[in-house]
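Note sheet for the following structure.
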Amino acid sequence: VQLQASGGGLVRAGGSLRLSCAASGRTGSRYHMGWFRQAPGKEREFVAAITWSGGNTYYADSVKGRFTIFRDNTKNTVYLQMSSQKPEDTAVYYCAADTSVVGVTSTPRYWGQGTLVTVSS
């Protein structure tokens with residue numbers, strides 16, 4: 001499966017931004033989807049994930065209550081709605097996919113290219 005992320009940009013602290021990730025290729029499989037991010041000088045970290053049905057979601061503590069992950073399977077697209085953003089949310093955000101929940105929250109098999117989010121103070 002191929003993943004194409006979009007929606008990054010510059011936002012002020014306290015603002016909102018929505019990322020999108022469109023999947024193509026073998027989209028008939030039941031892929032769980034997720035988002036990771038990598039800030040400058042730091043390792044890539046898990047942000048959020050959603051099961052293929054959308055019935056379960058998972059979040060890193062650092063974004064819980066501020067970010068929402070959801071998906072539209074008719075469009076093969078997963079979204080990350082980011083609100084109340086902080087400067088520490090600045091990072092390159094990557095979407096990811098895997099056929100297992102453990103995989104999509106830790107070491108996803110499939111990765112999209114990153115999209116840069118910059119939060120100014």
Side-chain angles (χ1 to χ4, degrees):
V1 62
Q2 291 79 48
L3 306 172
Q4 181 72 39
S6 61
L10 175 64
V11 63
R12 291 185 177 181
S16 299
L17 201 62
R18 178 181 292 183
L19 305 182
S20 301
C21 177
S24 60
R26 297 183 62 180
T27 55
S29 299
R30 295 179 175 179
Y31 290 104
H32 309 302
M33 304 288 289
W35 290 94
F36 287 69
R37 67 185 182 186
Q38 187 167 20
K42 295 187 177 181
E43 294 187 353
R44 191 175 300 187
E45 63 176 4
F46 168 75
V47 176
I50 186 168
T51 54
W52 71 268
S53 67
N56 293 92
T57 55
Y58 309 87
Y59 296 94
D61 288 343
S62 58
V63 306
K64 202 171 292 184
R66 300 188 299 119
F67 290 11
T68 301
I69 187 170
F70 59 101
R71 66 191 296 165
D72 184 345
N73 286 344
T74 65
K75 298 180 179 179
N76 295 319
T77 300
V78 63
Y79 304 91
L80 185 68
Q81 179 67 46
M82 304 182 290
S83 303
S84 302
Q85 290 195 263
K86 305 174 181 179
E88 50 263 44
D89 293 326
T90 295
V92 176
Y93 284 71
Y94 299 87
C95 64
D98 202 290
T99 53
S100 79
V101 172
V102 171
V104 79
T105 57
S106 58
T107 54
R109 180 175 181 182
Y110 303 100
W111 291 94
Q113 92 295 354
T115 185
L116 176 63
V117 173
T118 303
V119 183
S120 63
S121 57

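- For Asp89, the side-chain contact (heavy atoms from CB on, under 4.5 Å) criterion is met by Arg37, Arg66, Phe67, Gln85, Lys86, Tyr93, Val119, not counting sequence neighbours.
- A donor-acceptor distance shorter than 3.5 angstrom exists from the side chain of Asp98 to the backbone of Arg109, with no hydrogens or angles considered.
- Judged purely by atom type and a 3.5 angstrom limit, Gln38 has no side-chain atom pairing as donor or acceptor with the backbone of Glu45.
- The two residues Ser24 and Val1 make their nearest non-hydrogen contact at O-CG2, 3.1 Å.
- The CD1 atom of Ile50 sits 11.0 Å away from atom NE2 of His32, with the distance rounded to the nearest 0.5 Å.
- A cation-pi arrangement is absent between Arg71 and Trp52 under the rule of less than 6.0 angstrom and at most 45 degrees off the ring axis.
- Between Phe70 and Tyr79, the ring center distance clears the sub-6.0 Å criterion.
- Contact check for Pro108 versus Phe36: side-chain heavy atoms found under the 4.5 Å cut-off.
- The shortest distance between side-chain heavy atoms of Thr90 and Val117 does not fall below 4.5 Å.
- Using a 4.5 Å heavy-atom threshold, the side chains of Val78 and Trp35 count as touching.
- Between the Thr115 side chain and the Ser6 main chain, no donor and acceptor come within less than 3.5 Å of each other.
- With Thr77 contributing its side chain and Lys75 its backbone, the two residues share a donor-acceptor pair below 3.5 Å.
- Distance CZ/Arg30 to OG/Ser100: 15.0 Å, rounded to 0.5 Å.
- Between the side chain of Ser106 and the backbone N or O of Val102 there is at least one donor-acceptor pair closer than 3.5 Å.
- Residues Tyr59 and Phe46 place their aromatic rings such that the two centres sit no closer than 6.0 Å.
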